[in-house]
Amino acid sequence: MATLQAIKYDDTGKLEILDQLQLPESCTYISIENVEDAWQAIRQMKVRGAPAIAIVGCLSLAVELKKPSVAFQSKGELHTFVKQRMDHLVTSRPTAVNMQLAAEACTKLSTRLTAEDSTDLEAARRAITKHLEATLANDVADNHAIGDHGARDILQKRNKDKLRIMTHCNTGSLATAGYGTALGIVRSLHKSGNVDRVYCTETRPYNQGSRLTAFELVYEKIPSTLICDNMAAAAMKQFGIDAVVVGADRVAANGDTANKIGTYQLAVLAKSHQILFYVAAPFSSIDFDIANGAAIPIEERPHGEMTHTGSVRTAAAGIDCWNPGFDVTPAELITGGIVTERGVFPAHQLVR
Ligand SMILES: CSC[C@@H](O)[C@@H](O)C(=O)COP(=O)(O)O
């Protein structure tokens, strides 16, 4: 079955994203015409999830570079254009590192091509566009590898045929270019007939679990049950969960991992119940420049996400709120390991 597609791109320079604010009520695609459209869509969370943010950012610049009306007099002008737009995209959301790393790689390429005498303006423009377009296919390939590495590792460590997996937030086709990271592991386990049941958390306050992950699990007919975040300990005890698998927005060099708020409490609970805890993330989510999780910037989200359900106020008027979008799970609680496209690493032993 075809998986849900959060990002549609064709190389005539047409980019559309599934507006995730409308899910699960409707599947509506919106057109992204330029970098500013992408910045707005990322900031408003029409597209979300660390890998998907970077891919949409990169493709939005490819869209601009494909437009005949966008003209440059020199390679220097092209470079300034690329750098300014990439720098702007990095400001869209602070915690996920993928957009920052993608911007650094693209700017580095542009710097090299600008300096190279053998590359003329049009060739440089084509090479940068191709580099940006490649992010889409690369991410799908990485996710398939993550899914297969993770599935193999859990099966080997649990040594049983039918597994009960808990997951948090949304890490599937909607958060990536396709297949997913943590949900990619679930997909690989399901493909080989090894899923007994998936327990997905609601993921308050923005409900990525109940709106998006539940939608993907139902869509793919994977046996699954939705739980509220405060039911995790009871579910672990009652259902005999084999492994918790989550994604990452930024992994520090020592393995400390920032992921959707609520991840840390699941890791603490998993430890108390002797349940394997895995983080699944592509290398594009690993920030080797940050020594540990204390230096990861944590996004503060609007309080309305907590006080309202849709347009209806459900919290007492006048109450103060604290709404961090992410928390940091210390590496020592990531007992299963960090699953990447290059294999599964013990959390403290990430190597570039
Ligand atoms: C696959 S990205 C990591 C996810 O687990 C998760 O934290 C995420 O989707 C990011 O949250 P969001 O705030 O919805 O962009």
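Computed from a predicted structure; not experimentally measured. Whatever order the structure lists ligands and atoms in, that order sets their numbers, starting from 1. Computed from heavy atoms alone, side chains included, the values below leave out hydrogens, waters and symmetry copies.
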Tell me, which protein residue and heavy-atom name are nearest atom 2 (S) of ligand 1, and how many Å apart are they? A50 N, 3.3 Å
Whether R164 side chain and D242 backbone form a donor-acceptor pair below 3.5 Å: no
Close approach of E299 to ligand 1, heavy atoms, under 4.0 angstrom: no
Numbering the atoms of ligand 1 from 1, which are under 4.0 Å from a heavy atom of T181? 1 (C)
T114 side chain near L78 side chain, heavy-atom distance below 4.5 Å: no
Atoms of ligand 1 under 4.0 Å from any heavy atom of R48, numbered from 1 in the order shown, are 8 (C), 9 (O), 12 (P), 14 (O), 15 (O)
If only side-chain N and O atoms count, and only distance matters, is there a donor-acceptor pair under 3.5 Å linking T257 with N259? no
Which atoms of ligand 1 are found less than 4.0 Å from any heavy atom of N170? 4 (C), 9 (O)
Quick check on contacts: which atoms of ligand 1 are under 4.0 angstrom from a heavy atom of R93? 12 (P), 13 (O), 15 (O)
Think K260 forms a cation-pi with F326, using NZ or CZ under 6.0 Å from the six-ring centre and within 45 degrees of its axis? yes
Sidechain-backbone polar pair: H168 side chain, G209 backbone, donor-acceptor under 3.5 Å: no
Go through ligand 1 atom by atom and flag the ones less than 4.0 Å from a non-hydrogen atom of M45. 12 (P), 13 (O), 14 (O)
Which of the atoms of ligand 1 are close to N259, meaning less than 4.0 Å from one of its heavy atoms? 3 (C), 4 (C), 5 (O), 6 (C), 7 (O)
Cationic N near anionic O, under 4.0 Å, R250 to D287: yes
Determine whether the side chain, the backbone, both or neither of Q208 has a heavy atom under 4.0 Å from any heavy atom of ligand 1. side chain
Say whether D249, considering both its backbone and side-chain N or O atoms, lies within less than 3.5 Å of an N or O atom on ligand 1. yes
Min side-chain heavy-atom separation L132-E64 under 4.5 Å: no
For K260, the ligand 1 atoms whose distance to one of its heavy atoms is below 4.0 Å: 7 (O), 11 (O), 12 (P), 13 (O)
Numbered in order shown, the ligand 1 atoms found under 4.0 Å of a heavy atom of A248 are 2 (S), 3 (C)
Does some side-chain heavy atom of L101 sit less than 4.5 Å from a side-chain heavy atom of E104? yes
Is there a donor-acceptor contact under 3.5 Å from the side chain of R187 to the main chain of Y179? yes
Short N/O distance, under 3.5 Å, between G49 and ligand 1? yes
Indicate, as side chain, backbone, both or neither, the part of T176 found under 4.0 angstrom from ligand 1 when only non-hydrogen atoms are considered. neither
How does Y206 reach ligand 1, by side chain, by backbone, by both or by neither, if only non-hydrogen atoms under 4.0 Å count? neither
Decide whether a cation-pi geometry holds between R211 and Y206; the criteria are a distance under 6.0 Å from NZ or CZ to the six-membered ring centre and an angle within 45° of the ring axis. yes
